[in-house]
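Sequence lines set the chain letters: A, B, ... in the order given, protein chains first and strands last, and positions in each chain run from 1. The structure presented is a predicted model; accordingly, all values stated were derived computationally and were not measured.
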Number of protein chains: 2
Amino acid sequence: MKTTKSIEDYLEAIYVLSLKNKPVRIKDIAKFLSVKLPSVTEAINRLVKDEYAVHTPYEDVILTKKGEYVGKNTWEKHQILFKFLKDILKVPQDKAFREACLVEHCISDETKDKLKKFMKSFQNNTERIR
Amino acid sequence: MKTTKSIEDYLEAIYVLSLKNKPVRIKDIAKFLSVKLPSVTEAINRLVKDEYAVHTPYEDVILTKKGEYVGKNTWEKHQILFKFLKDILKVPQDKAFREACLVEHCISDETKDKLKKFMKSFQNNTERIR
DNA sequence: ATCCTATATTAGGTTTGCCTAACTTTAGAG
DNA sequence: CTCTAAAGTTAGGCAAACCTAATATAGGAT
């Protein structure tokens with residue numbers, strides 16, 4: 001099933017927020033993504049329709065297995081890209097973060113895995129050289 | 001001036017097509033980007049309005065300096081990303097190409113330059129090792 | 001128990017960028 | 001020179017995803 005950038009952003013936000021072990025509310029998501037409350041309500045309806053999340057009005061938002069998978073995966077892509085940009089290319093931290101937020105929606109799982117492995121071996125090599 | 005993904009796609013297409021030293025027509029752009037003719041006409045109007053291109057109805061499309069700069073820059077980002085994905089990460093060629101098409105709109109000039117330098121030094125190093 | 005405030009939802013509007021269908025222009029074949 | 005086919009434009013529509021303004025709900029303070 002294809003996911004849009006927007007859907008991935010919401011799933012990632014909910015996933016990251018849920019790592020804090022506090023119920024995830026609409027307002028938390030709005031704050032996290034810098035969008036207004038009605039945009040979140042609308043987006044959550046889409047997520048529920050496609051079975052990425054469970055939500056009853058005025059209650060917490062909860063990811064399904066499927067939603068959690070996508071949210072976690074997107075967040076992992078973000079983290080790997082951020083590390084690559086910051087630690088290897090030496091892009092300033094804030095710019096690296098912002099670009100990771102965009103690129104995370106563009107790369108496949110295969111590229112994610114290969115980038116991860118590349119960084120591991122690259123860092124091992126530079127350690128050996130030192 | 002901020003450019004959207006769509007505008008960058010059109011400028012890049014026109015730039016690449018113009019490298020062939022043949023006048024660039026609406027239909028060429030449509031074919032290149034896999035969109036329909038009216039979408040191109042409409043996009044060109046946007047480009048002309050913002051002075052990225054010059055166009056009189058039923059004639060060739062010509063980039064301004066400003067438009068050429070963006071088109072060329074986007075194409076360079078594409079090529080560097082493609083190379084990185086294909087030659088360093090070993091992502092299959094067609095997948096590497098498709099992802100480069102998406103990521104090219106997400107990275108800054110700084111990241112482009114740093115990725116280029118990184119690849120140069122990386123390839124020098126692996127050559128030395130061999 | 002009531003009421004107020006923070007949170008959430010609904011309704012309706014905007015922008016971007018694509019589409020199809022219908023119409024116009026241009027250039028080249030005859 | 002005409003006329004037709006390819007190329008381009010115009011008109012109108014659609015979907016995604018955001019917004020503001022207005023309305024509804026729920027839970028805590030009194």
Next item on the list: Give the rounded distance in Å between these two atoms: OH of B:Tyr58 and P of D:dA7.
Entry: 14 Å
Next item on the list: Give the rounded distance in Å between these two atoms: CG of A:Asp60 and C1' of D:dT25.
Entry: 15 Å
Next item on the list: Look only at the side chain of A:Thr3 and the backbone of A:Glu8, and say whether a donor-acceptor pair between them is shorter than 3.5 Å.
Entry: no
Check: By a strict heavy-atom criterion of less than 4.0 Å, which residues belonging to residues 4-22 of chain A are in contact with DNA chain D?
Finding: A:Thr4, A:Ser6, A:Tyr10
Margin query: Please check: side-chain N/O of A:Lys112 versus main-chain N/O of A:Ile107, any donor-acceptor pairing under 3.5 Å?
Written below: no
Check: How long is the gap from SG on A:Cys106 to CZ on B:Arg98, to the nearest 0.5 Å?
Finding: 13.0 Å
Next item on the list: Please report, rounded to the nearest Å, how far the P atom of C:dA6 is from the CG atom of A:Asp28.
Entry: 16 Å
Margin query: Near DNA chain D, counting only heavy atoms under 4.0 Å, which residues of residues 35-50 of chain B show up?
Written below: B:Leu37, B:Pro38, B:Thr41
Next item on the list: Identify, between A:Pro57 and A:Ser34, the residue whose nearest nucleotide on DNA chain D lies closer to the 5' end.
Entry: A:Ser34
Notebook entry, point to check: What do you reckon, are the aromatic ring centroids of B:Phe32 and B:Tyr10 less than 6.0 Å apart?
Noted result: no
Note to self: Between B:Lys114 and A:Ile88 (side chain of the first, backbone of the second, donor and acceptor by atom type, cut-off under 3.5 Å), is there such a pair?
What the structure shows: no
Next item on the list: Kindly indicate whether the side chain of A:Val24, heavy atoms from C-beta on, has any atom under 4.5 Å from the side chain of A:Ile62.
Entry: no
Check: Which atom names give the shortest non-hydrogen contact between B:Asp9 and B:His105, and what distance separates them?
Finding: OD1-NE2, 2.8 Å
Next item on the list: Determine the interplanar angle of the A:His78 and A:Phe97 rings, folded into 0 to 90°, and report it as parallel if under 30°, tilted if 30 to 60°, perpendicular if over 60°.
Entry: perpendicular
